[in-house]
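Chain letters run A, B, ... following the sequence lines, proteins first and then strands; every chain starts at 1. Being a predicted model, the structure only gives us computed values, none of them experimental.
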There are 2 protein chains.
Amino acid sequence: MSNISDIIELFIKELLEDASNQSVEIQRNELANYFKCSPSQINYVLTTRFSIDRGYIVESRRGGGGCIRIAQMDIEKDRYIEGLFSEIGESINKLKAVQIIELLFQRGIIKDREKEIMKAAISDRSIQSPFNIKNEVRANILKSMMLVVYRNKKDF
Amino acid sequence: MSNISDIIELFIKELLEDASNQSVEIQRNELANYFKCSPSQINYVLTTRFSIDRGYIVESRRGGGGCIRIAQMDIEKDRYIEGLFSEIGESINKLKAVQIIELLFQRGIIKDREKEIMKAAISDRSIQSPFNIKNEVRANILKSMMLVVYRNKKDF
DNA sequence: CTATTTGACTTTCTTTGACTTTAATTTTAC
DNA sequence: GTAAAATTAAAGTCAAAGAAAGTCAAATAG
């Protein structure tokens with residue numbers, strides 16, 4: 001204990017607890033100043049503790065008035081998606097990805113057009129990277145989209 | 001949050017909401033004075049937030065009694081999507097991609113959750129390719145997804 | 001060795017101000 | 001009284017400065 005990263009992690013998680021809509025906005029420099037650490041420490045915490053795999057979506061804006069938004073999915077409540085996530089892992093081929101998307105549709109978690117959009121996003125035609133990282137990129141895209149779906153159930 | 005540009009953007013959009021004919025007239029100096037900012041700030045907001053690819057037309061007249069008119073374009077969905085396609089081209093950065101997605105939502109072409117799914121798919125976190133092809137991949141993903149929307153209008 | 005911390009450098013977005021251009025109004029010359 | 005000139009009242013442009021956040025690699029801690 002008592003490394004700053006853990007403390008900042010906890011702090012952000014408390015903010016998220018208090019937030020009504022499961023998302024908070026922070027200012028990197030402000031937070032860094034508050035914890036008397038370097039600004040890039042905040043980035044470190046975000047990438048190591050608030051990654052997609054852990055159920056968080058992080059967005060940011062630079063420039064004057066810039067900020068970082070952290071949104072959370074309540075992964076505990078959804079053992080199901082947790083299972084799918086670990087199945088996807090770091091890398092997934094197109095066939096398996098499509099299967100998972102179809103599954104989500106069958107379960108009534110996504111609508112028809114959402115299914116089609118997701119399939120389009122992870123198609124080989126989309127991920128035309130000339131290197132052998134297609135499946136890694138596909139895994140990331142799929143997980144990101146799934147997070148949105150799970151976070152956003154209310155809108156369904 | 002809380003940068004003046006965003007506030008002015010919001011203000012103008014509210015004016016547009018209230019306007020009967022989807023267009024409003026403002027006076028640059030008056031507005032600048034109201035928000036206690038430099039007049040050229042207004043130009044900045046107009047070029048970054050009310051550009052033609054965001055669906056706005058801005059006209060102005062200089063000299064005494066001059067003013068700026070901002071009008072919201074009302075374009076047929078099909079032609080609209082086609083135009084956006086050519087704008088995306090081979091490569092697109094994240095900001096522009098998000099703008100296009102927001103536009104589709106604003107125009108009622110996609111739903112809220114579809115918007116979020118699409119934004120997740122083209123986020124930097126998703127497209128974690130270690131090489132300099134991010135923007136190419138992003139363009140492909142976005143176009144693929146838009147194609148689904150375009151073909152699948154009936155479901156909306 | 002792995003995880004953390006820091007700092008120098010980069011990128012992106014915003015804000016400001018000095019200068020330019022254009023249009024309307026007022027003044028002047030005839 | 002009218003046409004040209006001067007003045008004034010807008011809006012436009014552009015580049016520099018400022019305000020964030022991002023990256024990456026070296027140093028440090030455990």
Side-chain angles (χ1 to χ4, degrees), chain A residues 1-12 24-54 56-71, chain B residues 1-12 24-52 54 56-71 91-99 102 123-132 134-135 138:
Chain A
M1 183 51 72
S2 79
N3 75 54
I4 296 186
S5 290
D6 287 341
I7 295 170
I8 296 174
E9 176 188 4
L10 222 65
F11 180 81
I12 293 175
V24 291
E25 275 186 10
I26 58 165
Q27 288 212 263
R28 191 179 75 145
N29 289 344
E30 195 184 87
L31 204 59
N33 199 48
Y34 180 66
F35 284 109
K36 299 263 188 286
C37 64
S38 73
S40 52
Q41 180 92 49
I42 308 298
N43 295 89
Y44 177 72
V45 173
L46 291 177
T47 52
T48 57
R49 268 78 162 176
F50 295 87
S51 62
I52 286 171
D53 285 313
R54 293 190 180 207
Y56 296 91
I57 293 175
V58 177
E59 297 165 308
S60 64
R61 249 180 71 196
R62 306 186 191 191
C67 67
I68 300 174
R69 165 121 52 90
I70 304 154
Chain B
M1 179 66 80
S2 77
N3 73 54
I4 296 184
S5 291
D6 287 343
I7 295 170
I8 296 174
E9 175 189 4
L10 222 65
F11 180 81
I12 294 174
V24 291
E25 276 186 9
I26 59 166
Q27 288 212 263
R28 192 180 75 144
N29 289 344
E30 195 184 89
L31 204 59
N33 199 50
Y34 179 65
F35 285 109
K36 299 260 189 288
C37 64
S38 73
S40 52
Q41 180 94 50
I42 307 300
N43 295 89
Y44 176 73
V45 173
L46 291 177
T47 52
T48 56
R49 269 81 162 170
F50 295 88
S51 60
I52 194 138
R54 285 188 176 209
Y56 296 92
I57 292 176
V58 177
E59 297 164 310
S60 64
R61 242 182 58 211
R62 306 186 191 192
C67 68
I68 301 173
R69 165 122 55 90
I70 303 153
S91 167
I92 189 169
N93 66 30
K94 192 199 150 199
L95 184 68
K96 269 194 119 176
V98 168
Q99 281 173 5
E102 286 290 347
S123 72
D124 276 318
R125 294 212 159 202
S126 291
I127 314 171
Q128 259 170 13
S129 50
F131 311 103
N132 285 350
K134 255 185 194 171
N135 289 342
R138 192 181 347 255

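Within 3.5 Å, a donor on the side chain of R28(A) pairs with an acceptor on the base of dA21(D), or the reverse.
Whole-Å rounding puts the E30(B) CD to dA11(D) C1' distance at 14 Å. Rounded to whole Å, the distance from CD on E9(A) to P on dT5(C) is 12 Å. Straight-line distance from the CZ atom of R62(A) to the C1' atom of dA20(D): 9 Å, rounded to whole Å. Rounded to whole Å, atom C1' of dT6(C) lies 13 Å from atom CD1 of I8(A). Following rounding to the nearest Å, I4(B) (CD1) and dG17(C) (C1') show an atom-to-atom distance of 15 Å. Distance CD (Q27(A)) to C1' (dG18(D)): 14 Å, rounded to an integer number of Å. Distance CD (E59(A)) to C1' (dG22(D)): 16 Å, rounded to an integer number of Å. Atom P of nucleotide dG22(D) and atom CD1 of I70(A) are separated by 10 Å, given to the nearest angstrom.
Closest approach to the C37(A) side chain among dT6(C), dT22(C), dG22(D) is made by dT6(C) (side chain taken as heavy atoms from C-beta onward).
Note that the CZ atom of F35(A) and the CZ atom of F11(A) stand 5.0 Å from one another [nearest 0.5 Å]. From N3(B), atom CG reaches atom SG of C37(B) across 11.5 Å, with rounding to the nearest 0.5 Å. If you take CD1 on I70(B) and CD on E59(B), they are separated by 11.0 Å, rounding to the nearest 0.5 Å. Note that CD1 of I12(B) and OH of Y56(B) are 9.5 Å apart. Values are rounded to the nearest 0.5 Å. The line from NZ of K96(B) to CZ of R138(B) is 12.5 Å long, rounded to the nearest 0.5 Å.
Proximity of N29(B) to the phosphate of dA9(D): no side-chain N or O atom is located under 4.0 Å from OP1 or OP2. OP1 or OP2 of dT4(C) sits under 4.0 Å from a side-chain N or O of R49(A).
The two residues R125(B) and F50(A) come nearest to each other via the heavy atoms NH1-O, 3.6 Å.
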Please evaluate residues I42(A) and I26(A) with respect to the criterion side chain to side chain contact (heavy atoms under 4.5 Å, CB included), reporting the C-alpha separation (whole Å), side-chain torsions for both, the decisive distance (0.1 Å), and the verdict. CA-CA 10 Å; I42(A) 308 298; I26(A) 58 165; 4.2 Å; yes
What do the steps show when you test N33(A) against E30(A) for side chain to side chain contact (heavy atoms under 4.5 Å, CB included), and what is the final call? CA-CA 5 Å; N33(A) 199 48; E30(A) 195 184 87; 5.7 Å; no
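In this structure, S51(A) contributes its side chain and T48(A) its backbone to no donor-acceptor pair below 3.5 Å.
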Enumerate all atom pairs, one protein N or O and one N or O from nucleotides 3-6 of chain D, separated by less than 3.5 Å.
none

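S38(B) comes within 4.0 angstrom of a base, heavy atoms only. Nucleic acid contact class of G66(B) (heavy atoms, under 4.0 Å, all strands): sugar-phosphate only.
Looking at residues 39-47 of chain B, you'll see S40(B), Q41(B), Y44(B) sit with a heavy atom under 4.0 Å from some atom of DNA chain C.
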